[in-house]
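See structure below.
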Number of protein chains: 2
Amino acid sequence: MQHLEQAVEQHLATAGVRLTQGRRSTINALATMHGPRTAAEIHAQVDGTVPLSSLYRSLSVLTDVDVLSAQHGSDGVIRFELAEWITGHHHHLICTSCGTVVDVTPTVDQEKSMEQIVEKMAHEAGFDVSGHRFEIEGTCRTCR
Amino acid sequence: MQHLEQAVEQHLATAGVRLTQGRRSTINALATMHGPRTAAEIHAQVDGTVPLSSLYRSLSVLTDVDVLSAQHGSDGVIRFELAEWITGHHHHLICTSCGTVVDVTPTVDQEKSMEQIVEKMAHEAGFDVSGHRFEIEGTCRTCR
DNA sequence: TTCCTTGCAAACGATTTGCATTGGA
DNA sequence: TCCAATGCAAATCGTTTGCAAGGAA
């Protein structure tokens, strides 16, 4: 995890953003939690040491500089996770019952197939593809 | 569009839900607008004839009985559209420049490939798949 | 008539922001 | 030092809800 910290530190320095105590623990919390987490969950994980308002501000800044990525869940709550250049490329399994989001990493073949399909569909509509989001909905093991 | 109205009417009757004036115009508005729309947009489209609170309640009921589907955008706002059994299965091309959302329908082969991949990825994580959402971001023809 | 629906207004709750204070490089 | 970052409290705003009145079956 030292490498991660250094890489992130470097990344933030380049972006001209300070790596403060609060931001450090926010990032560490997310690194520990594996997968998208809400501000409230992170707030609990850091044991309330970072006020929610400050936490939201940090999350916003960290997302802006691409250390985190954000997604809006069907429960209307934003979940944050480490950016893909840190965690690696993946997609999301979303439990329609409890809202939990789990990361899944496609195999190289799977990813290649998906990209091909994306490219083809978009091309016919005259779109220049810049990215895609693939979300699988279903029921997780514990909710079933 | 007569067929649509009858089918929906039937659907609602079976579900024990009344097709009222407000609901009728809500559904018609969405049928006209093609693609996911926010409550505010629908409210404007029906020219304010349906109060926002009532509109939200209708949208909620209609989503529950699967006449509409809802999705939470990256701006934190809920967008509604006619359910896929009405519009047909499709995915979304989202222009990151102008925000336009275009529906794209995958070919049978494309859809089959995607479902296979989805099934495989989800199964390993212990998920029961109920559906998937594929959103392609990029630049549309007119914005390019 | 019987309830499901509506309208209005008030409540909610996640997220954002103003402002004075603190702390990192 | 100097300005970004913080903490607190108040404000936002999309969405939800209580309750009495209205309308579909």
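Every chain is numbered from 1 and lettered A, B, ... according to where its sequence line falls, protein lines coming before strand lines.
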When all nucleic acid strands are considered with a 4.0 Å heavy-atom cut-off, which category describes [X]: base, sugar-phosphate, or nothing?
X: A:S58; answer: sugar-phosphate
X: A:T20; answer: sugar-phosphate
X: B:V17; answer: sugar-phosphate
X: A:L52; answer: nothing

Once you round it to whole Å, what is the distance between [atom2] of [N] and [atom1] of [X]?
X: B:Y56; N: C:dG7; atom1: OH; atom2: P; value: 16 Å
X: A:R79; N: C:dA14; atom1: CZ; atom2: P; value: 11 Å
X: B:R57; N: C:dA10; atom1: CZ; atom2: C1'; value: 12 Å
X: A:D75; N: C:dT15; atom1: CG; atom2: C1'; value: 14 Å
X: A:E9; N: C:dA25; atom1: CD; atom2: P; value: 8 Å

Evaluate the side-chain proximity of [Y] to [X]: yes if any heavy-atom separation is below 4.5 Å, no if none is.
X: A:H11; Y: A:V67; result: yes
X: B:K120; Y: A:P106; result: no
X: A:L59; Y: A:I42; result: yes
X: B:D103; Y: B:T87; result: no

- request: Name the residue closer to the 5' end of DNA chain D, choosing between B:F80 and B:Q21 according to the nucleotide with the nearest heavy atom.
  value: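 The residue mapped nearer the 5' terminus is B:F80.
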task: Assign each of B:G76 and A:P51 to its nearest nucleotide of DNA chain D by heavy atoms, then name whichever residue's nucleotide is nearer the 5' end.
output: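 The residue whose closest nucleotide sits nearer the 5' end is A:P51.
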message: Using the side-chain hydrogen bond (donor to acceptor under 3.5 Å, both in side chains) definition, which of the options B:R133, B:E81, B:E137 pairs with B:H92?
response: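 Only match with B:H92 under side-chain hydrogen bond (donor to acceptor under 3.5 Å, both in side chains): B:E81.
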Rounded to the nearest 0.5 Å, how far does [atom2] of [Y] lie from [atom1] of [X]?
X: A:E9; Y: A:T14; atom1: CD; atom2: OG1; result: 11.0 Å
X: B:L82; Y: B:R37; atom1: CG; atom2: CZ; result: 11.0 Å
X: B:S74; Y: A:Q71; atom1: OG; atom2: CD; result: 11.5 Å

- request: Take the C1' atoms of the five end pairs on each side of the helix from C:dT1-D:dA25 to C:dA25-D:dT1, get both axes, and report the angle to 10 degrees.
  value: 40°
field: Parallel, tilted or perpendicular: rings of B:F134 and A:H132 (30°, 60°)
entry: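 A:H132 and B:F134: perpendicular rings.
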message: Heavy-atom nearest nucleotide on DNA chain C for B:R18 versus B:S53: which residue maps closer to 5'?
response: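 Its nearest nucleotide lies further toward 5', so the answer is B:R18.
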statement: Outermost contacting nts on DNA chain D, any atom under 4.0 Å from chain A heavy atoms, listed 5' then 3', are D:dC3 to D:dA9
